[in-house]
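Some notes on the structure that comes next.
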There are 2 protein chains.
Amino acid sequence: MDIKIVDVASKAGVSPATVSRVLNKANNVTLKTRTKVMEAIQELGYHPNAAAKNLRSQRSMAIGVIAQDINSAYFTEIIKGVENMAYAQKYKVIICDSENQRDKEREYLNLLMDRTIDGVVLIAPLISDEEICQIADKGYSVGIIGRNINHEKIPCVFTDNVKFSQQVVLYLIENGHRDIVFISGYAESTDSYERLEGYLKALRDRQIPFRPELLENGDFNEDGGYEAMKRLFAKNAHFTAVYCANDEMALGVYKACAERNIRIPEDLSVIGVDNNRISKYITPTLSTVNQPKYTMGAILTEKMIDQMNDDVHHDKRVFVVDSEVIIRDSCKPLGE
Amino acid sequence: MDIKIVDVASKAGVSPATVSRVLNKANNVTLKTRTKVMEAIQELGYHPNAAAKNLRSQRSMAIGVIAQDINSAYFTEIIKGVENMAYAQKYKVIICDSENQRDKEREYLNLLMDRTIDGVVLIAPLISDEEICQIADKGYSVGIIGRNINHEKIPCVFTDNVKFSQQVVLYLIENGHRDIVFISGYAESTDSYERLEGYLKALRDRQIPFRPELLENGDFNEDGGYEAMKRLFAKNAHFTAVYCANDEMALGVYKACAERNIRIPEDLSVIGVDNNRISKYITPTLSTVNQPKYTMGAILTEKMIDQMNDDVHHDKRVFVVDSEVIIRDSCKPLGE
DNA sequence: ATACACCGTGAAATCGATTTCAATATATAG
DNA sequence: CTATATATTGAAATCGATTTCACGGTGTAT
C-alpha cells in the first residue's frame, strides 16, 4: 500500500541509491536527476520509512524525557525547552511520566536500551548517581536537569538550590521574621533536600535556633501544602513566615490560610519556589524564586544532541544557571 | 558493541529464529530450550533492537499525541490518561506541542506518515474535519478528543460543550444575573465556539437580549482573561457575572478584580471551565465545569489501540462523556 | 510394521532504507 | 585526439529482527 523508495526510483528512472542521495542532500547528484527524483517524490507522496532508516543508520532521531509529573508546571516548562530545541534539530521527543516512582523511572530508562531513542533527558531524577553513571558507561547518552552528576559524559544543567534557598530565608530574617516554617517536597528529591539545607544554613548564619516543629513535608503538590499547614495549625506553633519548596505547595498554604481567615501577608508571609505561571495571578501575588526553566531544557538538549552527533570531547559539560528571588505581595516586614 | 540476536542464539546453542520465538512468547518452544535462551538473554543483557523489530513487524508500538499547549492543565490531564493506557499496552507516547499553531499541527501529523508512530491522538485539533478525514482515508489511525468527526474509522471522545455552557449560564440567570460576560478562547477553537453557542442559547431561552459588548476573547490563558477584563472595565459596561471558557482565564479575571478591589463573589460572580487542579485552591474557590479529562484520554487510547490491532469493525466509535457544573464560592445569587 | 499427523527447530527470505564499491560518463590536460 | 582525473550513477551488501517453509523426530492410528 505504501510507497517505497523503489517505486520512486522506477518512476524517476533511476536507482534507489540515487533517490536516497537526493533525500539525504548529498551534493553529488546532477540538478537534472535531482529534479526528476523530487518530482517523483512529490507525485507519489513518498515518505521514507522511519524504521528502515533507523535500522540502517543506527539512530532514531528521537530523544526521551523522563519527568516526575507532567501535570506540574515546573516540568512542562522544561519540557517545552527540550521539545523546541529537539524539534529545531529534527529530533522527536518521547515524554515519559514517572509519576514520582523510582521504579517507573527505571522502567522507562529501559526504553533507551532498545535504541528506540538516541538519548534521554532526566529531569530531577529519583535514581542514584551511581545508577545513572552506569547507564552512561554502557555507552548511552544521558543528560540531567536539576542535579550535578560527576561523569565526564553526562551534561548537567542546574541551579544552586542551597544558595537561593539561603537567600530566601535571609530575606525573611532581614525583614524581622525569626519563626519561619519550611515545607519540603519529596524526601527522596535532591531539590527538596538542598532547599532544606539552604534554609538551615540561613538560620545558622543568623544564629537562629532550628525548631524541628516548623519543618513539614508537602510532597510538592497543592494538597500536600494544604495538609502540612493544617498540621502546623494543629501543633499551635508560633510562626510568622512560611517558605515552601515550590509554588504549588504555597497555593495549598493560601487555601489553608483563607479557611482560617489568616491574612497574607498581614498575618503571615509566604514564599515559594519555581515562579509558576500562576504565581503572579493569584491574590496576593506570590513571592518566589525564578529558574530559567525553558532555557534549562533547551541548553541541555542542545548540548546532548551536539554530543550525540560527534564524539569530540567538548569543553563545557556543566551549566549552572542563575536563579532569582522575586518578591511580590505575599510577604512583608514583620510588625509593619 | 551491542548484543544482537545471533549472539544470544549462539550462546544458547540455538538459531535466531528460536530466540525470536521465545521473545515473542510463541508457545511452540520446549521448556528446556526456552530456559536456555532466557538464561542467555539474561547473562548477555540482550535488548532487541527496536528499529529492526519495527521494520520487520511494520509497527512501531508508539502513538503520537498532538496537544496545543503542554503547559495547560487541560491537556496534561488528558495526556496522562493517554500515557497510562498506552503504557499498560506497551505503547510509547510521542508528545507534540503544536503551540496553538495550525501549521505546526500539520507538521507533526507528518510524523505519522513515515511510520514513526502507529497512530495519533489529536486533542482539540485546529485543522479542519476534512483534513483529518483525508488522513484517515489514507489508512492512518487517528483519534480525536474534544470534537466529533463524522468518519467511521475515527474514534472520538468529547463532551457536549453547548449543553454544559447553557447550563452554566442558565444557573447564573436563575440566580438573578442578567448582565453576563462571556470570555471566549481562540476563535478557531471548536470548544470556544460551542461554548459561546451555549451561552447565546441560554440567553435566548430566557429572552435576555445579547449584548455584544459583553463578549471578549481571552485566548484561553491567564493573561488573556486579565486583559479581556481590563477592556471590559474600560468600556464601562455594566455586568454582574463573568463566564470564562476556561479556568486559566478566570484566574486572570481574579487578578483584574483584585487590582480594582472588586470582590468575588460579592460584587461579581465568576465561573470557569475545566476544573483545573488549582481551581479549588484559589480564593475564592472557583466554580467551574468538570470534564473527566484523564478518562477521556484513556478511553480514546484504548479504543485506538484496539482498532489498530484488529480490523474488526467495532460497534462503538463515539463516546460522549458527561460534564458536571461545579458551583463553588466564586458565585452567588445577585443582590443577596 | 506402516502410514500419517504434528511438534520443535533451523535455513533463508524479508522488511525498506543507506552505503560501499565498482562502473560508466564526462571533463580536463597534454 | 588520446589519456587521465573526476563526477554521477547503479548493483549489491548491510542493518537486526521476524516469519515462512521445509525437515527430521516423535506419537498415534490402522
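Chain letters run A, B, ... following the sequence lines, proteins first, then strands; residues in each count from 1. The figures that follow rest on heavy atoms only: side chains count, while hydrogens, waters and symmetry mates do not.
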request  = Kindly indicate whether the side chain of Arg21(B) and the base of dG10(C) share any N or O donor-acceptor pair separated by less than 3.5 Å?
outcome  =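 When only heavy-atom distances are counted, Arg21(B) does reach the base of dG10(C) through a donor-acceptor pair under 3.5 Å.
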query = Taking five pairs at each end of the helix from dA1(C)-dT30(D) to dG30(C)-dC1(D), what angle separates the two helix axes (nearest 10°)?
reply =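 Helix axis angle between the two ends: 40°.
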So what does [X] hit on the nucleic acid, given a heavy-atom distance under 4.0 Å: a base, only sugar-phosphate, or nothing?
{"X": "Asn24(A)", "answer": "sugar-phosphate"}
{"X": "Val14(A)", "answer": "sugar-phosphate"}
{"X": "Val19(A)", "answer": "nothing"}

Kindly say if [X] contacts the phosphate of [N], meaning a side-chain N or O under 4.0 Å from OP1 or OP2.
{"X": "Tyr46(A)", "N": "dG16(C)", "result": "no"}
{"X": "Thr33(B)", "N": "dT9(C)", "result": "yes"}
{"X": "Gln58(A)", "N": "dT18(C)", "result": "no"}
{"X": "Thr18(A)", "N": "dG10(D)", "result": "yes"}

From [options], pick the nucleotide closest to the side chain of [X]?
{"X": "Thr30(A)", "options": "dT9(D), dG10(D), dA17(D)", "answer": "dT9(D)"}
{"X": "Asn28(B)", "options": "dG16(D), dG10(D), dG8(C)", "answer": "dG8(C)"}
{"X": "Ser20(B)", "options": "dG16(C), dT18(D), dT18(C)", "answer": "dT18(D)"}

task = Test side-chain hydrogen bond (donor to acceptor under 3.5 Å, both in side chains) on Asn84(B) and Glu99(A) and set out the steps.
result = CA-CA 10 Å; Asn84(B) 275 5; Glu99(A) 296 179 320; 3.2 Å; yes
task = Classify the angle between the aromatic ring planes of Tyr186(B) and Phe220(B) as parallel (below 30°), tilted (30 to 60°) or perpendicular (above 60°).
result =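 Answer is perpendicular, since the angle exceeds 60°.
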message = What is the distance, to the nearest angstrom, from the CG atom on Leu55(A) to the P atom on dT18(C)?
response =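 Nearest whole value for this atom pair: 11 Å.
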message = Using whole Å, what does the distance between atom P of nucleotide dT19(C) and atom CZ of Arg56(A) come to?
response =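 After rounding, the reported distance stands at 6 Å.
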message = Could you check whether any side-chain N or O of Ser60(B) sits under 3.5 Å from a backbone N or O of Thr116(B), counting only pairs where one atom can act as donor and the other as acceptor?
response =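 Side chain of Ser60(B) to backbone of Thr116(B): a pair is present.
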inquiry  = Does this structure show an ion pair linking Asp97(B) with Lys104(B), if we count only N-O contacts that are shorter than 4.0 Å?
reply    =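 No, Asp97(B) and Lys104(B) are not salt-bridged.
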